[in-house]
Number of protein chains: 2
Amino acid sequence: MRILIVEDEKGISNFLKDGLEEESFAVDLAPDGNKGLELSAVNDYDLVLLDWMIPGISGIEVCRQIRKSNSSIPIIFLTAKDTVSDIVFGLEAGANDYIKKPFKFEELLARIRVQLRTKEGEQNILKLGKVEMNLETHQVISNLKEVALTQKEFSLLEYLIRNKGKVCTRTRIIEHVWDMHFDSDTSVIDVYINFLRKKLDDGSGRSFIHTIRGSGYVAREE
Amino acid sequence: MRILIVEDEKGISNFLKDGLEEESFAVDLAPDGNKGLELSAVNDYDLVLLDWMIPGISGIEVCRQIRKSNSSIPIIFLTAKDTVSDIVFGLEAGANDYIKKPFKFEELLARIRVQLRTKEGEQNILKLGKVEMNLETHQVISNLKEVALTQKEFSLLEYLIRNKGKVCTRTRIIEHVWDMHFDSDTSVIDVYINFLRKKLDDGSGRSFIHTIRGSGYVAREE
DNA sequence: AAGAATCTTAAAATTTCCTTAAAAGAACCG
DNA sequence: CGGTTCTTTTAAGGAAATTTTAAGATTCTT
C-alpha cells in the first residue's frame, strides 16, 4: 500500500516514513504543497498524510485540489491546532480524518488502517482461501502452517489479496509495492511471485496466484 | 471487594471496619476463630485479615483450616510478635503477607491492595516461556535462575512480553521504551536486544526474541 | 517452430542486523 | 566535590538476510 506524506519538517517526515515502512507500506515524501500536488497527480496513492502548516500552498488548499481533481483517496491531516473550527474546516475541505500533533505513532497507524479498510468492514486480517495474513503481527498462515515472509514478499501478497479477483498489472504492482515511479525494465516481480508461490502453495501444483499473460497476476480462490 | 476480619479486640476491629468501609470494601467481623471459620466457609470473601492472638482456635489454626478447606484466598495476618520464626511460621501456614501491630492504616491498605491486585486482573507477574518477570519487585527469573536487569533492559523486556506474539517494530519500541517521538538514527535497540539475549537465553542458540528483518522483534514461546 | 513472455536458479549487490568496544552519562559513596 | 562503578549510548566492522540482477530453461501463443 502506497502512502504520500506531505510534510516540511524533515524530522517528522522521516520518522513517519521509517515507521510506516516497518509496517510494510511504500512511502513517498513531499516537502511542500506544490510537490505534494505534483506527486499525487502523477502517482496512484492509497492514502495521503497531509500537514496543515506547510510552505507554499497550504495543506487545506492541497486537500481541496486533490479532491477536486479526482479521487476518493483517503486523506488524513496532521494539525497542531485543534480548535473545533479548524477541524470542521479541514473535514469540509474533503479530509477523511485528522490527528493532533503531537501524536503517538500507533494512533496514527490505527487511523490509517481504518481508512484503508474496505467497505466490507474488514479488519487487520486479510484472507484468501487457505492463506491468512495478520497485518498487525505480520504473521502469515498458509495451509494451517505459519510461513515466514520478508517485507517485500509480505507487501506483494498484501497487495494481491487486497485486490483479489482483480488483475494486478505489473505496472501497478511496481508502483504500489516497490514505490517506483518510472518505467523500469526489471524482473523482480517474477522472482517475487515465484518466492510467494514456493512458500504459500500446497503441493497441488496449481497456485492461487494466477498468471495473466501479457499483463500481470491475479490472486483467486479455487 | 469483600473482606473478613478475624479479631477479638473490639477497638481494633471496629477501627478497621470503618476505615475499610470508607475505602468501599464490604467488611464482616468475626470475634474469634470459630466464628471466623464459619463465616469463611459460608461466604465468598476476597481477602481475610487474621489476628494471631484470638480466643478459641488460634489464628494460625484458622489459617491452616481455610487453606485446607478451599481456596487461594489472600490471607494477611496481624501479629504483635515479630520474631523471624513467628513470621516464617505464619507464612508456612499459608498466609500471603503479615503486618506488625501497631501499624498505620495506610500501610495495611497498601498490603491489601497488593493482594487484591492480581485478582482484579492487573497482573504484576508477566511470563513467557521460561522467563518470568515480577513488575513489583523488578526481579526477573530465566531458566530457574534470577537474572539482574538494568532499567532499560527491564522495560524493553516488559514491552516485548506484554506484546508477545505481536511484532514490535523499532518505531514502536523507541516510542514506548525510550519515549522518543521523533526521527532517530540509533542502534540502541540492537544493542539492548543483544543484552537481553545474552542474559536470558538458554544455551540452545535459539532466542525467544525473534528478529523480523526490516520491522523489529517478536517475543514468542517455542 | 519461432518469438515472446514467464519461470527458475544462482550469484551479485545492497540493506539490515549483530557484536564488540569504547565513550558519555548517571548514580553512588566516601 | 572527586573518584568509582554501573548504565546507557554511539560507532564501526563483519555477518547474515534480503533484494535485485542476470541468464538459461520453460511455457505459451501464433
Side-chain angles (χ1 to χ4, degrees), chain A residues 14 17-27 138 140 147-160 167-171 173-180 182-201 205-219, chain B residues 138 140 147-160 167-171 173-180 182-201 205-219:
Chain A
N14 283 329
K17 186 174 199 287
D18 289 351
L20 291 172
E21 281 174 350
E22 283 173 359
E23 307 283 343
S24 317
F25 291 100
V27 180
H138 267 230
V140 176
V147 180
L149 295 189
T150 69
Q151 289 262 99
K152 278 274 141 63
E153 290 167 352
F154 191 91
S155 15
L156 174 55
L157 180 63
E158 181 184 351
Y159 188 70
L160 288 171
V167 175
C168 302
T169 66
R170 286 162 173 277
T171 310
I173 291 175
I174 272 288
E175 277 192 5
H176 285 258
V177 179
W178 268 266
D179 197 20
M180 299 172 117
F182 39 85
D183 195 26
S184 72
D185 173 26
T186 169
S187 62
V188 250
I189 298 177
D190 307 54
V191 174
Y192 269 85
I193 292 285
N194 191 232
F195 286 164
L196 285 183
R197 284 173 173 164
K198 270 188 190 160
K199 289 189 176 180
L200 299 174
D201 289 338
R206 260 178 285 101
S207 175
F208 74 100
I209 303 175
H210 300 260
T211 303
I212 308 299
R213 210 145 220 274
S215 50
Y217 301 87
V218 206
Chain B
H138 250 238
V140 175
V147 179
L149 294 189
T150 68
Q151 289 279 106
K152 276 275 141 61
E153 290 167 351
F154 192 90
S155 37
L156 175 55
L157 181 63
E158 181 183 349
Y159 186 68
L160 288 172
V167 174
C168 303
T169 65
R170 285 161 176 277
T171 304
I173 292 174
I174 274 285
E175 274 203 353
H176 282 94
V177 180
W178 272 265
D179 201 24
M180 301 171 104
F182 41 83
D183 186 31
S184 70
D185 174 27
T186 169
S187 62
V188 249
I189 299 177
D190 309 52
V191 175
Y192 269 85
I193 291 285
N194 192 232
F195 287 163
L196 285 182
R197 282 174 173 164
K198 270 187 190 159
K199 289 189 176 179
L200 299 174
D201 288 338
R206 261 178 282 101
S207 176
F208 74 100
I209 303 175
H210 301 258
T211 100
I212 307 298
R213 234 154 204 266
S215 291
Y217 301 87
V218 205

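Per chain, numbering begins at 1; letters A, B, ... match sequence-line order.
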With a non-hydrogen cut-off below 4.0 angstrom, is B:Tyr217 in contact with a base, only sugar-phosphate, or nothing?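 If one applies the 4.0 Å heavy-atom cut-off, B:Tyr217 turns out to touch the sugar-phosphate alone, with no base involved.
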When the ring planes of B:His176 and B:Tyr159 are compared, do they come out parallel, tilted or perpendicular, using 30° and 60° as the limits?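 It falls in the parallel class, under 30°.
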Integer-rounded Å distance: [N] [atom2] and [X] [atom1]:
X        : N      : atom1 : atom2 : value
B:Asp185 : D:dT9  : CG    : C1'   : 13 Å
B:Ile189 : C:dT16 : CD1   : P     : 14 Å
B:Trp178 : D:dT8  : CH2   : P     : 9 Å
A:Ile193 : C:dA5  : CD1   : C1'   : 14 Å
B:Asn194 : C:dT20 : CG    : C1'   : 9 Å
A:Ile212 : D:dT29 : CD1   : C1'   : 15 Å
A:Asp201 : C:dC7  : CG    : P     : 12 Å
A:Ile174 : D:dT21 : CD1   : P     : 9 Å

Taking A:Glu22 for the side chain and B:Gly216 for the main chain, is one N or O donor matched with an acceptor at less than 3.5 Å?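 Side chain of A:Glu22 to backbone of B:Gly216: no pair is present.
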Between A:Gln151 (side chain) and A:Glu21 (backbone), is there a donor-acceptor pair under 3.5 Å?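 Yes, because the side chain of A:Gln151 sits within donor-acceptor range (under 3.5 Å) of the backbone of A:Glu21.
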OP1 or OP2 of C:dT20 sitting under 4.0 Å from any side-chain N/O of B:Lys198?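 Answer yes for this pair, as a side-chain N or O of B:Lys198 is under 4.0 Å from OP1 or OP2.
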Closer than 4.0 Å, any side-chain N/O of A:Arg170 to the OP1 or OP2 of C:dT6?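 Answer is yes, contact under 4.0 Å.
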Tell me if the side-chain of B:Arg213 makes a donor-acceptor pair with the base of C:dT16, cut-off 3.5 Å, by modelled atom types.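 Side chain to base: pair found, below 3.5 Å.
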Tell me which of B:Leu149 and B:Thr186 sits closer to the 5' end of DNA chain D, going by the nucleotide each one is nearest to.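 Whichever sits nearer the 5' end wins; that is B:Leu149.
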CG of B:Leu156 to CG of B:Leu149: how many Å apart, nearest 0.5 Å?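 Separation between the atoms: 9.5 Å.
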On DNA chain C, nearest-nucleotide positions of A:Gly216 versus B:Ser187: which is more 5'?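 With A:Gly216 and B:Ser187 compared, the 5'-side residue is A:Gly216.
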Report yes or no: do B:Arg197 and B:Thr211 form a side-chain donor-acceptor pair below 3.5 Å?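 There is no such pair between these side chains.
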Any idea which of C:dT19, D:dT20, C:dC7 is nearest the B:Val191 side chain?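 Of all the options, the side chain of B:Val191 is nearest to C:dT19.
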